[in-house]
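Side-chain atoms are counted along with the backbone in the values below, which use heavy atoms only and exclude waters and symmetry mates. Order of appearance sets the numbers: ligands from 1, and atoms from 1 within every ligand. FYI, the numbering just counts along the sequence from 1.
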Amino acid sequence: MNKRLEDVNVKAFLFDMDGVLFDSMPNHAKAWVHAFVSLGLKFTDYDVYMREGMTGSSTINEVFGAQLGRCATEEECQRIYQFKSQYFESLPAAKVIPDVDGVLSTIGAAGKEIFLVTGSGQASLLDKLNHAFPGIFQKERMVTAYDVKKGKPDPEPYLMALVKGGLKADQAIVVENAPLGVRSAVAAGIFTIAVNTGILRDEELLNNGADLLYHSMAELKADLPRILRVAQRSF
Ligand code: CA
């Protein structure tokens, strides 16, 4: 059951990072496919995008289960994940998603808070964000891998952002790009915008409960004045 923008009184936007702020999914896809194919296992870019946000060991165990009929050992998990990570690190750094800076500045100019909710746990995350988006992200408005026990698709990361912001679910809007991220946000009871920045069919995001869908940040930016106008439920 989709939510109505009219029922939202938006005070904050909660942004996912990979595929929303940075175009990092093509590199993740290359690295995962390389890791599995080099073991003689089948894995496509589409498979990577479908699993975005899943832990490395869950991804490895799913592929092992489906193709080898068994779980990976702890040692195999570590070795494959390390292989994937090393290859990923060797690729050129991901660029900022086109037009997301315009989305962020429009939201900031409207006086709304901006939160980051990511499953990533890089130590230098805040530096990277400040470099790409000066002055937008603050430590106290971030939920990362260090803050949560259960990652997406569990609602915990988005629920924690609500707690950090002193927000009710109907006072926030999530911006996501991945099926599991959308599922997490929807399970947290938050109005969820999907921006399909990758290669997935729109249905993969809509079937997981996205309330609105755009195909680019430029499309979202063009509709932001309407979103900001409508999502102001008065009490
Ligand atoms: Ca993402």
In Glu89, His28, His34, the residue satisfying side chain to side chain donor-acceptor pair (under 3.5 Å) with Lys84 is His28
Self-check item: Contact flag Glu176/the Ca ion (ligand 1), N/O/S atoms, threshold under 3.0 Å
Solution: no
The N/O/S atom of Asp16 lying closest to the Ca ion (ligand 1) is OD2
Looking only at the aromatic ring of each residue, does the gap between the centers of Phe133 and Phe22 stay below 6.0 angstrom?
yes
For this session: Give a yes or no answer on whether the side chain of Glu52 reaches the backbone of Pro179 with a donor-acceptor pair at less than 3.5 Å.
Result: no
For OE2 in Glu52 and O in Asp18, the angle at the Ca ion (ligand 1) (nearest 10°) is 80°
salt_bridge(Arg183, Asp154) N-O dist < 4.0 Å
no
Checklist entry - Within Asn177, is some N, O or S atom less than 3.0 Å away from the Ca ion (ligand 1)? => result yes
